[in-house]
Novice: 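To start, I am sharing the structure in question, which I have written as structure tokens.
Values reported hereafter were calculated over all heavy atoms of this structure, with side chains retained and with hydrogens, waters and symmetry mates removed.
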Amino acid sequence: MAVHKMITPKAVQATLNTPSVVKEIFIGITLGTIAGGMWKMHHWNEQRKARTFYDMLEKGEISIVAEE
Amino acid sequence: MPFLVGPTQPAPLGQEQVSRFSLSGAEQSKNEPNQMIVLEWLFLTIAPCDAAEPWQLGSQDAATPMMQGIMDLHHDIFFFLILILVFVSRMLVRALWHFHYQTNPIPQRIVHGTTIEILWTIFPSIIPMFIAIPSFALLYSMDEVVVDPAITIKAIGHQWYWTYEYSDYNSSDEQSLTFDSYTIPEDDPELGQSRLLEVDNRVVVPAKTNLRIIVTPADVPHSWAVPSSGVKCDAVPGRSNQTSISVQREGVYYGQCSEIRGTNHASTRAPGNIGRLLSPLWLSRTTRGASHPRSKLLQRAAGAVGSRGARQ
């Protein structure tokens, strides 16, 4: 028994509006870069905290030595 | 990245718990009250010591430039990982969306596309280049031999404990300071001590000083590892391996043997104590008094390090 696939209007519209591969790649790279950029900001923040910690330790503003 | 600070509230378990940032060696009196310095406003999370926290996902806080470099490299690589993950996930979801059989019953017959195939071969190959640059830089910097370490410590692995030997500053008639370091048994820790991490005799080393650790085994292969310092040095029978560290802050750092070597492999620890070497008061307090052999040795080392610093 042959199965006939109906070409619905929705299918016609989908066929006519095929996605642009270049556009999808560009959007994907952009989103990936934004997500990676957020991670980089987290990384720079952690570096800044570490630098601040050691600067303050060097200046004597803080101490990790237990007081008597 | 959690930093290592004291508890923000009074330690519920008693005063002994708060000694983790003290400069104490194992000989410090357990009854001495210690207070923690709290840096709550600077850091997101609180950890009581340089040891792994329960359910910890990331690395322990770096105490050496080497470990800091390792963490920075990991963060650099993770940037590319996230970029690729988001990009590939997006393409996958969009492909499933656009080419679902109900919305797109007639599949496209695309056999190949030369231009796009060239592009998606060249561009991903650039990513490993960006990863390789900081990776090789760190690798070669870690391999640099420390020409003039202040102290050389020999760590000898046994089943199932470590022996440490300080032999730099002995006088001619003295033997090297040698001591064994056993993990405190699981049913024997004091209040506040970390289970299966504490030892009876800690390694005491100076802060902000180039150290050379020579690792060798007495029997089977071992591995001397301290995550906070970014150190992992295998102890291979028949050879001595060398690693160098320079700890940037005082504290108590914990390590675990990283080479399986028998029944009690999980019970071997390598915690070290980092302190300012230039304080005779600290030396006397941490080494059972100024007359203790370890105290005399470290005082001699302090003099050598101090004079070296004055000459530099």
Novice: Whether the side chain of A/Q47 engages the backbone of A/A50 through a donor-acceptor N/O pair (distance < 3.5 Å, no angle test) should be reported.
Specialist: no

Novice: Do any of residues 115-126 of chain B have a heavy atom less than 4.5 Å from a heavy atom of chain A, and if so, which, in residue order?
Specialist: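 Near chain A, by residue number: B/I116.
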
Novice: Is chain B contacted by the side chain of A/I25, its backbone, both, or neither, given a heavy-atom distance below 4.5 Å?
Specialist: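 Both parts, heavy atoms under 4.5 Å.
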
Novice: Counting N and O atoms only, with roles assigned by atom type, does the side chain of B/Q102 sit under 3.5 Å from a partner on the main chain of B/H100, one being a donor and the other an acceptor?
Specialist: no

Novice: Return each pair, listed once, that meets side-chain hydrogen bond (donor to acceptor under 3.5 Å, both in side chains) where at least one residue sits in residues 80-94 of chain B; pairs must be two or more places apart or across chains.
Specialist: A/E24-B/R90, A/E24-B/R94, B/R94-B/H98

Novice: Under 4.5 Å between any side-chain heavy atoms of A/K40 and B/D76, yes or no?
Specialist: yes

Novice: Do you see a donor-acceptor pair shorter than 3.5 Å between the side chains of B/E198 and B/Y254?
Specialist: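 The criterion, which ignores hydrogens and geometry beyond distance, is satisfied for B/Y254 and B/E198.
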
Novice: Using side chain to side chain donor-acceptor pair (under 3.5 Å) as the criterion, list what pairs up with B/T64, not counting sequence neighbours.
Specialist: none

Novice: My understanding is that only one of B/Q68, B/Q248, B/R249 makes a side chain to side chain donor-acceptor pair (under 3.5 Å) with A/Y54; could you say which?
Specialist: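 With A/Y54 as partner, B/Q68, B/Q248, B/R249 yield a single side chain to side chain donor-acceptor pair (under 3.5 Å), made by B/R249.
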
Novice: Side-chain contact test, heavy atoms from C-beta onward, threshold under 4.5 Å: evaluate it for B/L138 versus B/M142 and give yes or no.
Specialist: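 Yes, side chains in contact.
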
Novice: When you measure from the side chain of B/S135 to the backbone of B/A132, do you find a donor-acceptor pair of N or O atoms at a distance under 3.5 Å?
Specialist: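 Absent.
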
Novice: Salt bridge or not between B/K208 and A/E58? Use side-chain N to carboxylate O under 4.0 Å.
Specialist: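 A salt bridge is present here (some side-chain N lies under 4.0 Å from a carboxylate O).
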
Novice: Can you list the residues of residues 78-87 of chain B that sit under 4.5 Å from chain A, counting heavy atoms only?
Specialist: B/F78, B/F79, B/I82, B/L83, B/V86, B/F87

